[in-house]
Every structure is written in structure tokens, then in C-alpha cells.
Amino acid sequence: MCGIVGYVGRSAGRVNTEHKALDVVLEGLRRLEYRGYDSAGIAVVADGAISSRKKSGKLSNLIAELEAHPLPDALTGIGHTRWATHGGPTDLNAHPHLSDGGKLALIHNGIIENFAELKQELVAKGVTFLSETDTEVAAALIGDIYRNQLGGDNASGGLTRAMELACQRLEGAFTLLAVHADQPDVVVAARRNSPLVVGLGEGENFLGSDVSGFIDYTRRAVELGQDQIVTITADTVAITDFFGAPAEGKEYYVNWDPASAEKGGFPSFMEKEIHDQPDAVLQTLLGRSDVDGKLTLDELRIDTELLKSVDKIIVLACGTSAYAGQVAKYAIERWCRIPTEVELSHEFRYRDPIVDANTLIVSISQSGETMDTLMAVRYAKEQGAKTVSICNTNGSTIPRESDAVLYTHAGPEIAVASTKAFLAQIAAAYLLGLYLAQLRGNKFQGEIKDILADLGKIPAKIQQILDNADAIKKLGHDMVDAKSVLFLGRHVGFPVAMEGALKLKELAYIHAEGFAAGELKHGPIALIEEGQPVFVVVPSPRGRDSLHAKVVSNIQEVRARGAKTIVIAEEGDEAVKAYAEHVIYIPETPTLLAPLLSTVPLQIFALALASAKGYDVDQPRNLAKSVTVE
Ligand code: F6R
């Protein structure tokens, strides 16, 4: 899940370019820092040599290092921001790693699974290693092939050929970017199971883990396929497979506005992204139905007959995205009457799941790169299932490898803790559920139209919550010393409770747990003692099956044991007042859609509490935005 940038510009003698490799690479790293931020490094090729700097800690440490020890001006460079896998976050383990007597520099995202075996082989040849990383082994392997197998002969393919031969031996997941002092105007990259995109410029070309790595310079991008190598110069982009056979990438236009990747005046990306939510939901709903409520999900190119024959849905996702799936399960089963399971991707494929051609796999992933989910989708495909991806990142691996895709249009989510992607995922999953119901005739068109109309009112209701957030912010500040917070919910409120707890754990590093309110009496109620804060997500009193009354009883049960209750309830719900220390009201909405509203105060609370503690809410400790290792 590291961030990777590569750049080759043309010499100023040939074209009037003012871009320096160092500036371009640092800017890319700044935008990609969300992918990992425990160390950063950069290498440039100048004056027939590689010069590199690397530093543990955030990118700012590397920048300070560069100020103290500047790099020479260069037109070719690579840069890396790391999330440690093999070897702790130290200066030595930071990338780039050098080989071939310091003439080759390599950066890497992923895990090389057979690195120990390769290392042994290289050590036997006399290679010495400075770090504990698998990356240094890959660097040494490429360097060894370049120097000893190919004789350092650039006429026979040089660095590109060395990369091909090395990739044939590497196992696992990797994006690799290499530069060599003997080929000063070339960056060679390879990808297997890890993301890499090419940016096409005028007299300059770029590489990035995703398009944010070069969005300031070009919107023209090329998506690379699996097991491909790309060699860029200032004027050319050559793609091959790992055996040197020519291959093609898919060019596309990036319609993200660079400004939308900025904070927009908010103190943090997370706060901005919480405020982006009305638009994220709106954009996700837009253009997907006509005036009669007929859904036309254009990107969902999957045979309608196949969709009609689906007899089971399995939602695969991790973390927040899995909670979105759990919310969607209630709606999909209700609207389509198709049994729907939600499974954590990393648990799925190791338990011999029952999947066949009538199973529809719905993967949910903001990044589209989560390795656990990618592997689970691949496994399901091998078993013959049809796969639909709900994803926020255009051109990322999971949607590319799925049979169909339904993009959430939340815009780039930079803060590590997911907020707007979660609401957009729920909205998209609801569209999918309604589409299946329409196709299979489970709902009349008028009913679908009514639900879509209710969904259409959600953005304004989220805005209303955002405009009246002072009380929940104050609560966050007042609870700065809380040691543990519990969250209860029932029905769709249960995954919301778990998401509320996850946000608090991630941001404020305090113990938090979400429970099904009905489960409390089966054990967890033993946790309640005097003063224990408990959030309760209360369903609408207008909802079905006396659910509201049951949850009100649950509030009373914890309160009777000393809990301090904070209740999220629908406007006009007077019944909860008597049992709550604090009531946070959200606008009226049908029960199934309520998570799109009830989640928002919980996000604001976690943000406020973590901010009051002085924590970095955009980059919480130990986390990375895109988890591209299993
Ligand atoms: C939590 C969070 C994570 C992600 C999870 C899946 O705030 O962001 O739990 O939801 O790592 O990531 P994606 O959706 O990119 O597959």
C-alpha cells in the first residue's frame, strides 16, 4: 500500500519545460502520502549517477532532509512513501534500495513472497544487504541480472530486460519502479497484483500508484494490465508482458479536479470529506434513473438473464466497506428476496465457500485495490460466480477484474478513515438492489420510484445534520478523556453502531465496540458500569415490528446499570428523551435509508474527540488508506 511516483522529463535543450524531477516526484508523493506514511524516499538520475535521499517518518522529514542535503537537478526520478511490511519504519528500510554498485535504484509496493529464498541465492553469490526488506532483494536481483547476466548491455534491452527476467522469478504482489545510472532518461516499472498507472504528458511521462500521483500535470492516463512492464522516456511509453511480448494499456481521461483532492478550507481532509457527503450521495444517485424511476445502470454490463437467475448474493468487503455491505443486505433481501450474505473478504476464500454460476458476488471497495477483496473476487470468479464491483476509484484493479462495475461518485477520498465513500457505497448498493428488484419483478415501478424519491431527499437531510452539528462536536470535546465508548444498534442500526465504533478506534485510539442492541443481555451488558458512555442508534418510531420499542428497552437496560446514554433518534421521537443524557436528532426518513443519516453524527463525534486529543485525523497511526497486502 505504499505510494509510488516516477517521472521522466525532456532536457531543457530540447523543449522548454520547467519541470524538475524532484518537484514532480515530491508533489506526487504529497498527494499519495495517504497510502503510507512511515517513511519516504526519492532517487534521481543526474550526471551519470543515482542520487537518493530517504527518511523514516512522514514526507515532511524527507523534505527537511532534502533541504539539508539537496539533490542535483534532474529530469528523471522516482519516489516512494512507505507503509512497512518487511522491516520496521527505519531510514535503512525506507525505499529506494540500491544495487549494481549504487547505479540502480528501486522502489516497491507489495510483498515479494519468495524473497527469503532469493536472498539466500544472492548472499551465496556474495551480495550483502543493508536492510530487512524484500525490496532490497528485488533490487539486488535486478542489479545482478543487469550486470552479470546481461553484461550491463543496454543494446540487449538493458534495464527493461533485467526487469522482465527478474519478474519471471518474483512471487507475490508488487509494483516496482527502477532507474539506472547508465540509462538516465528511462524509468522501468512492473506490476503484478499491485496498482500502477501511467500519466501521459507532452515531452514528459509519469507513473503513479494512482492518478493523484500526477494529476497536477496531466489528465491522460493509461491503465496497465496484470503482469506488465512499462518503460517510459520523455516521449515514449512501451508496454510488454513479463516475457517481452508487446502489450497494450487502456488510455482514459481522468475527470477528477486536482482541487477536489485538496482540503477545501477545512482543517483536515476528513472534515472536508464529511462535508462532501451530500454531494457524494447525490453524485452517486445522479443519472441512474429516468422520470418514471426506471433504473438504467449503464456500467452494469452483465447479461440481464444471468442477473435474473441469481439465487444468492455474497457481498465481499473489509472494514467500513463491509459495514456498508451489512447495511445493504437488509435492503437487498427486503427488495429482491435474494438471500444475501456479507463476508469479510479475507475470511471468505479460506473456508471453502459455496459459490456457483448462480451466485452474484458484490465486492465493495473504496480504493478498488484492497488485496483481500481482490483475492476473494478472483477466487469467486474461478468458482464460476458473476462479479460486480462497487468502487470509488476509476480504473482500479477490482472493478477491472470484475464482470461489471457500479462506480460510487464520491470523488477522491484522501483521509485514511473512510467517511463519504461509506455513504456512497450504501447508496450504490441500494441502486443495485433496486435494479435487481426491477429486473426480477419483485417491486412495481411505482414502488421503486418512491424509494428513489426518498433517496433523492437524503443529500439535503445530510446537509441539515452537518449544519446543526455543534452539539455533537461539543460532546466529542467534552468526552476527550473517555476510556471506552460502546455503540448499540438494531437492524440497519447495528452496522452503523459498528462503523461508529470503528471510527472512534481509528481516530481517537480508545476502546470502542459496536453491538447488536439485542445481544447485550447475552453477555456484553457486563461491561456496563457507572458513567460508561453508550451511543444508541434508535430506529424510527414509524418503522416496522416494534423495533423502536425494543431499542428503547435496551436503552433502559443499560441506563439502569449506570450507563451514560447518547441517543441518535429521529426528529419528533419524544419517547427516548426520558432515558437519554443527550439526544441527537436526525431528520425523518424510511428505516432502510436511515444509515445514510445516522452515521453522520457518529463520524462528527469521532472527529471532534480525536481533534480534541490533538491527533492527526487524516493519517491515524498504524493505518494506510489502501491495504494492498493480505
Ligand atoms: C476504515 C477504513 C477501512 C476500509 C477498508 C477497505 O475507515 O477506511 O476499514 O474501509 O480497509 O478499504 P476499501 O474500501 O478501499 O477496500
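Just follow the structure's listing: the first ligand is 1, and inside any ligand the first atom is 1.
- Here the two rings, on F494 and F515, have centers that are 6.0 Å apart or farther.
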Handout entry: Working for side-chain contact (heavy atoms from CB on, under 4.5 Å), residues E413 and S418
Key = CA-CA 7 Å; E413 192 178 65; S418 187; 3.0 Å; yes
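- The protein heavy atom nearest to atom 15 (O) of ligand 1 is S367 OG, 2.6 Å.
- Ranked by closest heavy atom to atom 4 (C) of ligand 1, the top entry among L344, T320, L502 is T320.
- Put simply, CD on Q277 and CZ on F422 are 9.5 Å apart, with the number rounded to the nearest 0.5 Å.
- Within ligand 1, counting atoms from 1 as listed, the ones closer than 4.0 Å to a heavy atom of S321 are 10 (O), 13 (P), 14 (O).
- Protein heavy atom at the shortest distance from atom 16 (O) of ligand 1 is T370 OG1, 2.5 Å.
- For ligand 1, the atoms closer than 4.0 angstrom to any heavy atom of A417 are 7 (O).
- In the vicinity of C318, heavy-atom distances shorter than 4.0 Å reach the ligand 1 atoms 5 (C), 6 (C), 10 (O).
- Rounding to the nearest 0.5 angstrom, the gap separating the CG atom in L592 from the OH atom in Y430 is 5.5 Å.
- In this structure, V416 counts as a contact residue of ligand 1, since one of its heavy atoms falls inside 4.0 Å of the ligand.
- In summary, the atoms of ligand 1 found under 4.0 Å from a heavy atom of Q366, numbered by their order in the structure, are 13 (P), 14 (O), 15 (O), 16 (O).
- The side-chain contact (heavy atoms from CB on, under 4.5 Å) test with N109 is passed by exactly one of T175, L176, T81: T175.
- Close approach of ligand 1 to G319 is summarised as follows: ligand atoms under 4.0 Å from at least one heavy atom of the residue are 9 (O).
- Aromatic ring orientation, H491 versus Y330: tilted (interplanar angle from 30° to 60°).
- At the shortest separation from atom 11 (O) of ligand 1 among protein heavy atoms lies V627 CG2, 4.0 Å.
- In this structure, CE on M371 lies 8.0 Å from OG1 on T397, to the nearest 0.5 angstrom.
- Taking 4.5 Å as the limit, some side-chain heavy atom of I354 sits within range of a side-chain heavy atom of K312.
- With a heavy-atom cut-off of 4.0 Å, E506 touches ligand 1 through its side chain alone.
- At least one heavy atom of K503 sits closer than 4.0 Å to an atom of ligand 1.
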